[in-house]
Amino acid sequence: EGGTAGAAGGGAKGGRAKGGGGSSWLQWRGSTARAAAAAAALVVVGSYVYARSKRRKRTVVITGGRGNLATKLATHLTHQLPELRVLLLEHPDFAKQDSAPPPDGAHVVLADLTDPHGAWCDALDGAYALVHFSAVNPYPNASWEESAASMSHTFNVVLAAKSRGVRRVIFASSNHVMGGYKDLPD
């Protein structure tokens with residue numbers, strides 16, 4: 001008894017499909033509309049992803065890059081914000097070959113911050129932010145000479161960041177941040 005729908009949605013029984021309830025033309029049209037909407041969404045999302053992939057990654061530079069706080073910050077940034085490029089500036093004397101590798105996604109740049117015009121300045125080109133943890137002697141027992149040297153290379157870092165167009169500079173005094181808590185578990 002019930003007819004089957006024709007190609008254009010017609011057929012016996014007023015265009016109702018077998019098992020009926022709805023017009024096959026409307027069902028076909030609805031699925032086509034959903035497919036078109038899905039295709040349009042894919043085009044929009046694809047365009048967004050393509051445009052985003054063409055953007056330059058933001059760079060964050062961290063001085064004292066192989067130290068305790070810098071390693072923890074780099075690990076957090078590379079895991080939570082993988083779209084960031086993380087550069088760790090470290091003095092050649094402290095970037096030991098036998099130390100643990102840097103966090104995945106972070107790159108070590110050897111840097112003597114006491115040289116205000118050193119090659120390390122190039123790492124700041126295009127950087128969005130700089131986090132300055134480095135010190136000659138980061139411990140509270142630092143001599144006046146060590147403290148003065150730390151201030152000197154802090155000035156070098158801040159002036160280099162300004163001349164290279166770094167938008168954000170964060171200066172942290174790590175010995176006061178850590179304050180004896182360095183050896184507590186994470």
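Start at 1 with the first residue, then count along the sequence.
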>> List the residues meeting side-chain hydrogen bond (donor to acceptor under 3.5 Å, both in side chains) with D112, not counting sequence neighbours, and say none if there are none.
In response: T114
>> Test question: given the 4.5 Å side-chain rule for I, L, V, M, F, W and Y, name all other residues clustered with F155, or answer none.
In response: M151
>> To the nearest 0.5 Å, what is the distance between CG on L113 and OG on S150?
In response: 10.0 Å
>> Can you list everything that forms a side-chain hydrogen bond (donor to acceptor under 3.5 Å, both in side chains) with R164? Sequence neighbours excluded, please.
In response: D122, D125
> Which residue pairs pass the salt bridge (Lys or Arg N to Asp or Glu O under 4.0 Å) test with at least one member in residues 137-162, sequence neighbours excluded?
Replying inline: none
> Closest approach of E90 and V108, non-hydrogen atoms and distance?
Replying inline: CB-CG1, 4.5 Å
> If you measure from NE2 on H132 to CD1 on I170, what distance do you get to the nearest 0.5 Å?
Replying inline: 12.5 Å
>> Nearest 0.5 angstrom please: T63 OG1 to F133 CZ, how far?
In response: 8.0 Å
> With hydrophobic residues grouped by side-chain heavy-atom distances under 4.5 Å, do V131 and V166 end up in a single group?
Replying inline: no
>> Tell me the closest heavy-atom pair linking P103 and T75, and the distance in Å.
In response: CG-OG1, 3.3 Å
> To the nearest 0.5 Å, how far apart are OG1 in T154 and CG in L159?
Replying inline: 10.5 Å
> If you look at every heavy atom in V169 and A161, which pair is closest and at what distance?
Replying inline: CG2-CB, 3.9 Å
>> If you compare all heavy atoms of T78 against all heavy atoms of A106, which two are closest, and at what distance to 0.1 Å?
In response: CG2-N, 4.0 Å
> Should L77 and V61 be counted in the same cluster of Ile, Leu, Val, Met, Phe, Trp and Tyr side chains packed under 4.5 Å apart?
Replying inline: no
>> Ignoring hydrogens, what is the shortest heavy-atom contact between A127 and A123? Give both atom names and the distance.
In response: CB-O, 4.4 Å
>> Looking at every non-hydrogen atom in both residues, tell me the closest pair between A142 and S147 and how far apart they are.
In response: CB-OG, 3.9 Å
> Excluding sequence neighbours, so at least two apart, what forms side-chain hydrogen bond (donor to acceptor under 3.5 Å, both in side chains) with T71?
Replying inline: none
>> In this structure, would V109 and V157 fall into the same cluster of hydrophobic residues linked by side-chain contacts under 4.5 Å?
In response: yes
> Roughly how far apart are R167 CZ and R58 CZ, rounded to 0.5 Å?
Replying inline: 6.5 Å
>> Do L73 and Y128 land in one hydrophobic cluster if side-chain heavy atoms of ILVMFWY residues count as linked below 4.5 Å?
In response: no
> For A160, what residues pass the side-chain contact (heavy atoms from CB on, under 4.5 Å) criterion, not counting sequence neighbours?
Replying inline: W120, C121, L124
> Looking at L89, L130, V86, L69, which one forms a side-chain contact (heavy atoms from CB on, under 4.5 Å) with I62?
Replying inline: V86
>> Is there a continuous path of hydrophobic side-chain contacts, each under 4.5 Å between heavy atoms, that joins L87 to V60?
In response: no
